[in-house]
Amino acid sequence: MLFRNRQFDDKPVALEILGLSVATTGDDSVPILNTIDVTIRQGETVCLVGESGSGKSVTSLAIMGLLPKGALEVTAGRIELDGQNLLDLDASQMRELRAQRISMIFQEPMTALNPVMKVGAQIEEVLDSHTKLPTREKKRRVIDIMEQVHLPDVERIYSSYPHQLSGGQRQRIMIAMALILEPKLLIADEPTTALDVTTQNQVLKLIAELQESHGTAVLFITHDMGVVAEIADTVYVMRNGDIVESAAVETLLRVPQKDYTRRLLEAVPSLAPRDARPESWADPVLSVDGLTKIYSTRGLFKKGRETRAAQEVKFRIKPGRTLGIVGESGSGKSTVARCVMRLIDPTEGRIKVGQTDIAMLGRSELQPHRKHIQIVFQDPFRSLNPRWTVGDSLIEGPLNFGQSRKNALDHARELMELVGLPADALGRYPHQFSGGQRQRIAIARAIAMRPDILVADEAVSALDVSVQAQVLKLLDELQEKLGIAILFITHDLRVAAQICDEVVVMQHGRIVEHDTAENVLSQPRHEYTRALIEAAPGRHWDFANFRELSLRPTETA
Amino acid sequence: LAQDAETITAVMHSGLRVLDPIITTAHITRNHGYMIYDVLIAVNENFEVQPQMADYEVSEDGLTYTFTLRDGLMFHDGEPVTAADAVASLKRWGERDSGGQLIFDVTESLEATDDKTITWSLSEPFAPLLDIVAKQSAVPPFIMPARVAETSADEAITDYTGSGPFTFVEEEFEPGVSVTYEKFADYVPREEPANWMAGGKVVNVDRVVWMTMPDAQTAINALVSGEIDYLEQTQIDLLPILEASPDVVVEVRDPLGYQTMGRMNFKHPPFDDEKIRQAALMAMGQESVLATLIGNPEYYSICGAIFGCGTPLASETGSETLKAGGDPEAARALLEEAGYDNTPVVLMQPTDVTTLTAQPVVAAQQLREAGFNVDMQAMDWQTLVTRRASQAAPADGGWNIFFTNWMVPEISSPLINPMVNGRGDDAWFGWPEDPELEALRDEFIAASDAEARAEVAERIQAHVIETVNYVPLGQYLTVQARRANIVDMIPSPVPVFWQIDKSE
Amino acid sequence: MLGYVIRRILAIIPVMVIVAIFVFLLLRLTPGDPAAIIAGDSATPAQLERIRESLGLAEPLHIQFVTWVGQLVQGNLGTSIISNQPVTRLIGQRIWPTLQIGTLTIILSVLIAVPLGVLAAWRHRTWVDYAVMTFSVLGFSIPVFVIGYLFIKFFAIDLRWLPVQGYTSPSESVQGFLSRAVLPCLTLATIYVALIARMTRASLLEVLGEDYVRTARAKGVKEHIVLFRHALRNAAVPILTIIGTGFALLISGVVVTESVFNIPGIGRLTVDAILARDYPVIQAMILLTSAIYVFVNLLIDLSYTLFDPRIRY
Amino acid sequence: MAAQPQPTSAMQVVLGAIQLPRNWRLGIGPILAAIVLAVIVLATVTAYLYVPHDPMSMNALERLKGPTETFWLGTDPYGRDLFSRVMVGGQVSLLIGIGAAIVSVFIGLMIGLVSGFFRLADAIIMRIMDALMAIPSILLAIALVALNGPSIWSVIFAITLPEIPRVVRLVRSVVLSAREEPYVEAAIALGSSMPKILWKHLMPNTLAPLIVQGTYICASAILTEAILSFLGAGVSTEIPTWGNIMAEGRLFFQIKPELIFWPGLMLSLCILSINLLGDTARDLLDPRLKKREA
Ligand SMILES: Nc1ncnc2c1ncn2[C@@H]1O[C@H](COP(=O)(O)OP(=O)(O)OP(=O)(O)O)[C@@H](O)[C@H]1O
Ligand SMILES: Nc1ncnc2c1ncn2[C@@H]1O[C@H](COP(=O)(O)OP(=O)(O)OP(=O)(O)O)[C@@H](O)[C@H]1O
Ligand SMILES: [Mg+2]
Ligand SMILES: [Mg+2]
């Protein structure tokens with residue numbers, strides 16, 4: 001079964017949003033949502049998708065009555081729960097309703113739980129607020145729901161603080177909290193985005209299971225099409241505060257009606273690796289051998305604690321080729337990147353850039369080698385100095401290597417064109433650009449040094465799929481033109497499949513598999529690689545081509 | 001706010017910190033001395049010497065003084081006061097007090113002839129001996145037990161066993177904050193009525209607590225609200241507040257009051273030049289200083305006498321310009337004549353003693369008007385007392401002029417007036433080298449009767465003003481305030497707590 | 001935890017050593033001569049020199065320092081030059097009023113300031129918020145002694161509700177203590193309340209924007225529980241920190257308040273000692289107040305664990 | 001929350017990069033504060049142009065007079081014109097406030113940058129700073145003024161010294177956290193030298209908090225000057241300062257409250273305005289608050 005093709009037309013409507021409009025408060029009011037309609041029936045899972053800033057979260061907050069006071073307000077429309085308009089309720093009636101009839105799970109399990117309260121107490125608080133149960137009964141109910149969300153060692157976790165739990169466990173606590181009073185409607189705003197793929201998979205399964213047993217309607221907000229394919233019954237596509245299109249999931253993915261939807265789907269990278277490029281015979285520009293990094297925190301009186309973040313890492317990259325490093329969070333990918341860049345000192349090993357081993361060079365000896373190897377970071381907001389104009393950022397490196405200001409600026413102008421930005425943007429500040437544009441600037445800055453190697457650490461992870469596709473394309477073009485070798489770090493297998501020639505899979509600081517992208521993705525040999533691939537949501541669907549992913553015989557069992 | 005009727009709570013002009021009345025000249029410590037110690041002889045309000053612990057006799061040739069202790073004298077530890085104790089006390093005092101030093105310069109022997117008799121033999125007659133031993137300032141010869149008096153005169157005593165009408169309650173002593181005295185039950189007062197420092201010291205209350213309040217405002221408020229009984233000094237400007245309260249009596253305790261004065265440094269230019277000193281004196285006028293310092297003219301008087309108006313030796317010779325408010329024109333002319341080269345005059349101004357902040361400021365203005373280049377340097381009083389001891393050039397941490405105040409009895413004669421001393425480096429700060437003045441002083445000591453002394457004193461006055469040894473800037477009174485139920489307080493320069501009573 | 005405490009206590013040592021050297025040098029390089037103060041107005045230079053010698057002030061600096069540190073190590077703070085009393089005795093007499101009034105002030109301030117700050121944050125950008133903020137800025141803007149005078153004038157002189165000045169030990173009469181402590185405490189509290197209320201508001205505002213507060217609201221939890229159970233506890237660490245560093249402000253307030261209300265505490269003792277160049281007392285007092293400051297802040301650091309389970313030492 | 005586009009219509013405030021939140025409204029308070037402060041500064045700086053009397057000339061016969069035609073606010077205990085003294089007095093008070101703020105911010109910035117950057121120096125510097133911070137600032141100030149004599153400069157020095165460690169801590173913490181920013185790492189990767197990174201990338205981050213801190217130092221310095229005067233360790237009475245006028249006037253609080261009232265009013269208004277502007281600056285410049293509003 002590819003999709004959950006279920007029928008809900010005969011089920012009663014759980015929640016109906018009619019012509020809802022939201023705008024910012026104040027004189028220069030800006031509309032955020034424009035008369036949107038959404039219908040959710042009992043037991044149904046509705047997915048709300050759309051690019052960042054399209055109004056998904058605002059919709060969910062409007063339903064909960066939790067729009068930030070003094071910033072946003074509902075200007076028109078109705079939100080009907082079982083026929084009752086929630087917008088007519090006062091604050092205390094609304095408070096009554098929350099967790100009893102509608103509840104909500106938020107994106108970030110790290111921050112959504114109160115760090116100074118034990119999680120058991122936090123679940124119990126829901127019962128305190130809405131019921132008058134005796135203490136023992138309360139505890140029993142809490143333990144019960146904790147078991148339902150498959151938490152291990154319930155008694156211990158009951159009296160743990162959030163920071164003592166893993167991300168997945170925390171998200172389970174959130175779900176337990178949301179479901180303990182068996183609400184009609186569960187709203188989940190990107191509940192798995194912060195989790196790694198394997199955990200994400202578990203959480204999605206859990207929500208589906210509980211929905212089944214409690215008959216809850218679910219409004220699921222995500223921008224991940226893979227997740228949509230996995231769990232949705234019906235999909236609503238949002239853009240700039242409008243609902244662009246809505247349909248049953250299969251219909252939408254097969255025959256999207258609107259251009260916007262099509263573009264959105266086309267931008268989703270495919271899990272099928274791109275066609276292999278011809279083998280290169282050049283000497284490698286970067287070769288890493290036996291790289292080991294041990295973080296140790298040692299105090300005068302404390303016992304030293306060691307984290308082996310990278311061990312015996314070994315790879316080489318040739319000019320014009322891209323090597324991907326994939327692996328779940330904490331597997332040591334960034335550590336390798338930072339060692340290679342010599343932003344941190346490796347504990348052991350060799351890092352040869354061209355013919356020179358830079359692994360153990362001191363700060364000043366390192367300086368001349370810096371221009372050969374450059375980096376693009378994940379976060380386009382923070383990787384440019386907000387106080388510098390784009391031009392100043394772009395010429396910083398060249399100036400350090402003795403170029404004249406004028407030459408460097410001329411070159412910077414060319415680079416802006418190369419990355420597809422107007423040359424006159426040099427005088428502007430980073431905040432005057434969008435996320436994707438900023439990442440282009442960061443790339444331009446790296447390229448300005450004419451490096452041999454470009455390290456991209458999660459360079460597209462923070463971007464929207466459509467922007468992500470553009471940036472990936474840009475990197476590809478640059479590589480064509482300049483023959484740069486790229487070390488591409490990502491946790492997203494789809495992205496890796498689209499850009500890499502070779503892939504290295506890391507787990508617990510070690511390389512567990514190293515092969516061509518083709519081989520790694522279609523014939524994973526290591527168990528861990530297989531688990532990673534399997535956990536990728538929507539892995540059977542080729543979104544860009546609106547059809548099943550046909551070719552690979554990778555399905556195991 | 002019920003108060004124990006047997007306790008008098010008094011706010012004194014400063015906090016008691018030093019407990020040895022011989023080592024320091026601080027008034028608060030002297031006052032403390034009068035509480036817990038007695039003296040052999042003392043003066044009454046007419047500056048007449050009266051017997052106190054002892055009767056005295058002077059031999060015909062003026063070379064032998066015999067003091068006989070009266071009966072019943074007892075130290076606070078229950079031991080009787082003996083002549084040996086008195087001798088030890090006098091000797092220690094003699095090392096510290098400048099008047100005492102003069103006597104000891106001519107002393108043949110001082111010894112206890114028996115338990116009650118002290119015999120003091122001189123090598124030559126010294127007429128003012130009794131006056132000096134009986135004086136109430138700055139350092140009176142308080143009688144302590146011999147074991148205490150044996151402490152070196154440069155070290156503070158640590159045993160506070162006294163001989164006076166009150167005992168010191170050591171456990172309750174908080175330096176700078178409060179000190180408690182209890183009536184000494186075994187003290188035997190004299191028969192005569194109390195008069196100044198002499199007469200019968202009859203104690204009518206059980207306890208006296210002295211406190212300090214750093215804030216004058218607070219002290220006044222506390223008196224008005226009845227939280228304290230007595231305020232030794234009040235700011236004249238604040239009298240209206242006290243006068244408005246029916247429960248408070250405001251009065252002048254001591255009709256002589258204080259003299260305020262300025263002293264120049266004879267060691268460094270420009271004031272090493274007598275002409276320039278004279279110009280400075282001519283620039284200064286008393287009225288502005290006093291009016292600024294005190295305000296209400298009822299409480300100050302213009303007085304050009306270096307020995308203080310109202311004292312037997314008072315003479316105002318030479319002080320005309322001072323009294324007339326200064327003569328900036330003449331001063332300017334004199335200054336020009338002296339060839340003043342605009343050397344800056346370093347004038348030290350204390351910031352933390354209210355009775356001393358105004359004089360320097362006013363004087364600075366007056367000196368400037370006469371053409372002096374004044375460099376007024378503000379500092380706290382403790383810096384000032386340290387710095388005035390420095391003989392260095394003004395530019396290297398020395399000074400040119402500063403101001404201070406004296407109780408009139410402290411300056412009332414050439415023998416005790418600290419400024420009237422021309423012994424150069426051994427003289428008081430400013431260090432005038434003035435043999436003529438020394439000669440005049442010897443003449444004064446030698447003078448046999450009051451008339452002769454007054455005549456010498458007048459010449460000293462003229463000489464001091466002529467050489468501008470120091471500049472008397474006038475006299476002012478201090479005003480005390482008490483709750484109306486505090487009665488029978490003796491008027492005297494030293495606030496004393498015998499005879500005083502607290503009615504219900 | 002124990003290891004951390006020991007480490008922190010050991011870390012105090014170099015700090016106190018630096019304070020000690022600093023204070024010692026500062027004082028000895030200060031013009032001012034306690035001998036002149038002891039001797040009074042009419043002493044001669046020769047007499048001064050003799051007194052100076054008997055006080056040990058004529059010795060070379062390093063010898064004086066070594067002597068002093070040697071005594072310190074034995075727990076001997078020395079003897080006041082001026083009053084000849086052991087410094088420990090002076091401190092013993094004077095420290096209680098200051099400690100009692102200081103403690104009372106802190107308790108009073110926290111009781112007033114925290115609810116005010118919470119209120120202001122909760123009613124962010126309403127008149128309540130502006131009123132609280134105006135009050136707390138005002139608290140910083142008026143010199144302490146002026147506030148003290150105003151209180152005296154109003155409560156003690158005009159209304160005659162409370163005594164004007166003074167101090168009564170609570171062991172003597174609790175009522176007497178309270179009636180005399182109220183005004184100084186209130187005076188001191190104005191700055192402290194301002195400081196704490198402002199910090200409470202700021203850190204609460206920050207916390208109120210956190211996801212878990214939104215979660216609590218999404219659970220339908222009542223607003224006061226959201227504010228006090230969820231938000232305030234999370235905002236506690238910066239509030240505690242400001243209480244600790246504000247302690248320095250309290251000390252400076254104490255110096256003034258003790259003068260205005262005539263309280264025989266260590267603030268006045270120190271100022272008097274500085275003005276009188278009573279070296280042993282100044283040294284001991286600055287060391288003591290610094291040690292108290294460091295110690296209070298250590299306690300506050302340790303107390304973080306009570307409020308935030310994530311902090312482990 | 002995923003990254004959101006930031007407002008592009010932002011106003012450039014400090015160094016062209018600190019943005020006002022989009023829907024920020026200044027409100028009446030800060031504007032009023034700015035006006036009040038501007039008026040006070042202007043009035044005190046130009047005081048000599050318009051005050052009717054020499055603020056230092058005494059006239060003993062006119063002391064402690066109430067307001068009259070010649071003496072608009074009356075006279076002080078030396079018979080000097082209170083109005084002239086209050087207006088001129090602001091000069092020294094403001095000089096002390098601004099002087100202490102600038103000096104402590106500048107020295108603190110230098111030490112803080114070095115300390116945040118050089119591990120070795122850091123250990124030593126921070127111990128010294130801890131020690132300085134532990135000494136109650138008012139006691140240190142009194143002692144320092146006693147040491148140097150109560151000139152304006154020694155008062156500024158005495159107020160400045162205890163403030164330095166606080167500035168150092170602030171700068172250091174900003175440097176330590178900004179060091180971890182990706183753009184700093186990028187600069188390292190681009191081969192920028194450490195001094196350049198320190199000065200061009202890290203130092204600007206400290207400016208916004210320093211401006212805020214500077215306003216508080218300025219306000220508290222003006223207050224501390226008043227307290228020093230009150231305790232008898234202030235500037236000479238000749239030179240009028242608000243603190244000085246109040247300290248002299250405190251004796252006469254009950255019979256002539258104007259002596260405290262007028263300088264106190266000026267001082268409080270001034271500090272109130274500075275504090276309010278500081279608060280506003282903090283709200284405007286605090287990146288965390290900004291993020292939430294955006
Ligand atoms: N408190 C607020 N004040 C003003 N505008 C806001 C506020 N919160 C959100 N917006 C605006 O509303 C729009 C929709 O935001 P929303 O958070 O719903 O986007 P989203 O679809 O959830 O995006 P993402 O995928 O990034 O979470 C955005 O343009 C955002 O800038
Ligand atoms: N500075 C550090 N000190 C101590 N441990 C560290 C440090 N930086 C990283 N680690 C640890 O090293 C391990 C590898 O971290 P790294 O950042 O390389 O992972 P990653 O694969 O990049 O993860 P992600 O996908 O979340 O970015 C993790 O366990 C991390 O906690
Ligand atoms: Mg969202
Ligand atoms: Mg990483």
Side-chain angles (χ1 to χ4, degrees), chain C residues 11-12 14-23 26-27 29-32 125 130 133-134 136-138 140-146 149 152-153 157 198 202 205-206 209 211 245 247-249 251-256 259-260 267 270-271 274-275 277 282 285-286 289-294 297, chain D residues 1 25 27 29 33 127-128 130-144 146-149 162 166 216 219-220 222-224 226-227 230-233 242-243 246-247 250 253-254 257 260-261 264 267-276 278-279 282-283 286 288-289 291-292:
Chain C
I12 291 178
V15 172
M16 295 316 293
V17 168
I18 296 173
V19 171
I21 296 174
F22 183 80
V23 170
L26 179 74
L27 293 180
L29 300 176
T30 305
R125 296 214 173 141
Y130 293 128
M133 285 314 283
T134 309
S136 58
V137 179
L138 263 180
F140 280 139
S141 308
I142 305 176
V144 201
F145 57 91
V146 175
Y149 282 149
I152 292 179
K153 173 100 177 93
I157 296 178
R198 177 198 277 255
L205 272 183
E206 203 146 293
D211 291 354
T245 46
F247 197 76
L249 218 67
I251 292 176
S252 87
V254 157
V255 172
V256 176
S259 287
V260 173
T270 317
V271 174
I274 292 177
L275 293 179
R277 308 288 186 273
I282 308 174
M285 288 317 301
I286 292 190
T289 37
S290 307
I292 292 178
Y293 177 85
V294 171
N297 281 286
Chain D
M1 205 184 299
R25 289 227 194 71
R127 287 296 80 69
I128 295 176
D130 283 349
L132 261 185
M133 199 127 102
I135 301 176
S137 58
I138 194 81
L139 299 183
L140 189 55
I142 299 171
L144 284 172
L147 165 76
N148 297 310
R166 285 167 239 283
Y216 295 143
S220 83
I222 295 176
L223 271 183
T224 307
I227 289 177
F230 173 84
L231 293 172
W242 289 332
M246 281 199 281
R250 73 181 201 274
F253 180 63
Q254 282 182 57
I260 287 199
F261 178 77
L267 179 113
S268 297
L269 273 180
C270 195
I271 294 170
L272 196 67
S273 313
I274 296 174
N275 277 332
L276 224 88
D279 281 357
R282 189 196 48 201
D283 287 355
D286 188 333
R288 282 166 307 179
L289 285 175
K291 199 167 73 196
R292 251 212 349 269

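Reminder, nothing fancy here: chain letters follow the sequence lines and each chain counts from 1. Note that the structure is a prediction, hence the values are computed from the model and not measured.
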Study note, to complete from the structure: Separation between CZ (D/R250) and OH (C/Y149), nearest 0.5 Å, reads 5.0 Å

Point to revise | Straight-line distance of D/R166 CZ to C/T245 OG1, nearest 0.5 Å | key: 7.5 Å

Check your understanding: Given side chains that start at C-beta, do those of D/Q254 and C/I157 come closer than 4.5 Å, heavy atoms only?
Key -> yes

Review point. Do you know which of C/Y130, C/F145, C/F247 has the most heavy-atom pairs under 4.5 Å to chain D?
Key: C/F145

Exercise for review: Decide side chain to side chain contact (heavy atoms under 4.5 Å, CB included) for C/Y293 and D/I135; before the verdict, give the C-alpha distance in whole Å, the side-chain angles of both, and the deciding distance to 0.1 Å.
Suggested key: CA-CA 8 Å; C/Y293 177 85; D/I135 301 176; over 6 Å; no

**Study point:** Interatomic distance, C/M133 atom CE to D/N275 atom CG [nearest 0.5 angstrom]
**Key:** 9.5 Å

**Study point:** chain C contact via D/A219 - which portion, at a heavy-atom distance below 4.5 Å
**Key:** neither

Practice item. To the nearest 0.5 angstrom, please state how far the CD1 atom of C/I274 sits from the CD1 atom of D/I138. Key: 9.5 Å

Check your understanding: In a check of side-chain contact (heavy atoms from CB on, under 4.5 Å) between D/L223 and each of C/S141, C/P143, C/S252, which one passes?
Key -> C/P143

Study note, to complete from the structure: In this structure, CG of C/L26 is separated from CG of D/L140 (nearest 0.5 Å) by 6.5 Å

Practice item. Go through the atoms of D/I227 and report whether side chain, backbone, both or neither lie under 4.5 Å from a heavy atom of chain C. Key: both

Check your understanding: Can you say whether C/V17 sits under 4.5 Å from chain D via the side chain, the backbone, both, or neither, judging by heavy atoms?
Key -> neither

Check your understanding: In terms of heavy-atom proximity below 4.5 Å to chain C, should D/I260 be classed as side chain, backbone, both, or neither?
Key -> side chain

Exercise for review: Rounded to the nearest 0.5 Å, what's the gap from CD1 on C/I142 to CG on D/L272? Could you check?
Suggested key: 8.5 Å

Review point. Which bit of C/V146 comes within less than 4.5 Å of chain D, counting heavy atoms only: side chain, backbone, both or neither?
Key: side chain

Review point. Relative to chain C, which of D/L231, D/T224, D/L132 shows the most heavy atom pairs under 4.5 Å?
Key: D/L231

